[in-house]
Amino acid sequence: QVHLVESGGGLVQAGGSLRLSCAASGFAISRYVMGWFRQAPGKEREFLAAITWGGTSTNYADSVKGRFTISRDNSKNMVYLQMSSLKPEDTAVYSCASSTGYWFNPLFYDYWGQGTQVTVSS
């Protein structure tokens, strides 16, 4: 019954932008901190961004600060990741997840989506 489904991934040229969406069902995201993570081939899952329950606070990894923006719309049960100035090294599977606390380690997130592929070409 609990599902998170990402969308919006695809192929984009370096320097371009993409907006990822995460649709939740089976639970109200207003009760959860929401985060975005990515995993590239051969690498561990990497924390990107998190947003608190009401969207008043955010936290970003240094590698994406100033380029990526996380947002949420609790009334629509949706979370977003706006990505700009994309680089080939941003190529990865991007996933959204929920946590009961304001933490940034993927071990502390309870529900996960299947991910959406983002490929940045040069």
Side-chain angles (χ1 to χ4, degrees):
Q1 290 183 328
V2 175
H3 295 285
L4 291 169
V5 181
E6 302 92 341
S7 62
L11 177 64
V12 64
Q13 292 185 342
S17 299
L18 280 176
R19 190 193 193 205
L20 305 183
S21 298
C22 174
S25 61
F27 71 106
I29 67 165
S30 60
R31 290 183 164 86
Y32 293 87
V33 169
M34 301 299 295
W36 283 96
F37 300 80
R38 69 185 180 191
Q39 188 167 25
K43 296 185 178 181
E44 293 186 347
R45 181 166 282 163
E46 176 188 10
F47 166 79
L48 298 176
I51 185 167
T52 54
W53 299 265
T56 55
S57 295
T58 57
N59 188 67
Y60 297 92
D62 288 341
S63 61
V64 304
K65 191 174 297 181
R67 298 192 298 126
F68 291 11
T69 302
I70 187 172
S71 61
R72 66 191 297 159
D73 187 340
N74 288 343
S75 68
K76 297 180 179 179
N77 238 24
M78 297 285 292
V79 187
Y80 308 96
L81 185 68
Q82 179 67 47
M83 306 184 295
S84 63
S85 301
L86 285 164
K87 308 171 182 179
E89 51 263 44
D90 292 320
T91 296
V93 174
Y94 285 69
S95 301
C96 64
S98 63
S99 176
T100 56
Y102 195 34
W103 299 312
F104 317 116
N105 190 313
L107 291 173
F108 302 147
Y109 284 73
D110 302 312
Y111 303 126
W112 291 82
Q114 293 297 111
T116 185
Q117 176 70 45
V118 172
T119 302
V120 184
S121 65
S122 59

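In this text, all values refer to a predicted model and were calculated from it rather than measured experimentally.
Between M78 and S21, the closest heavy-atom pair is CE-CB, 3.9 Å. Annotation for P88 and A14: closest pair CD-CB, 4.1 Å, computed over non-hydrogen atoms. Heavy atoms only, all atoms of each residue included: Y109 and G35 are closest at CE2-N, 3.9 Å.
Atom CZ of R38 sits about 9.0 Å away from atom OG1 of T91, to the nearest 0.5 Å. Rounded to the nearest 0.5 angstrom, L11 CG and Q117 CD are separated by 9.5 Å. One finds the CZ atom of F108 at 8.5 Å from the OG atom of S99 (value rounded to the nearest 0.5 Å). Going from atom CD of Q39 over to atom CD of E44 covers 8.0 Å, rounded to the nearest 0.5 Å.
Side chains of E89 and S63: no donor on one and acceptor on the other come within 3.5 Å.
Around CD of Q114, the count of heavy atoms belonging to other residues, nucleotides or ligands within 6.0 Å does not exceed 12.
Put simply, the side chain of W53 gets close to the backbone of R31: a donor and an acceptor are under 3.5 Å apart. A donor-acceptor pair is defined here as one N or O able to donate and one able to accept, closer than 3.5 Å; no such pair exists between the side chain of S85 and the backbone of R67. With T116 contributing its side chain and E6 its backbone, the two residues share no donor-acceptor pair below 3.5 Å.
A salt bridge is absent between D90 and K87: the closest approach of a Lys/Arg side-chain nitrogen to an acidic carboxylate oxygen does not fall below 4.0 angstrom.
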Q | Stepwise side-chain contact (heavy atoms from CB on, under 4.5 Å) test for W112 and R45 | A | CA-CA 12 Å; W112 291 82; R45 181 166 282 163; 3.4 Å; yes

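Identified under the side-chain hydrogen bond (donor to acceptor under 3.5 Å, both in side chains) test for residues 72-82, with sequence neighbours left out: R72-N74, D73-S75. Legend: disulfide (SG to SG under 2.5 Å) pairs involving residues 20-67, not counting sequence neighbours, sorted by first then second residue: C22-C96.
F37 and F47 have perpendicular rings, their planes meeting at more than 60° on a 0 to 90° scale where under 30° would count as parallel.
Linking Ile, Leu, Val, Met, Phe, Trp and Tyr residues whenever their side-chain heavy atoms come within less than 4.5 Å places L107 and W103 in a single cluster.
F68 belongs to a hydrophobic cluster with V2, L4, V12, L18, L20, F27, I29, Y32, M34, W36, L48, I51, Y60, V64, I70, V79, L81, M83, L86, Y94, Y111, V118, V120, counting contacts under 4.5 Å between side-chain heavy atoms of Ile, Leu, Val, Met, Phe, Trp and Tyr, direct or through other members.
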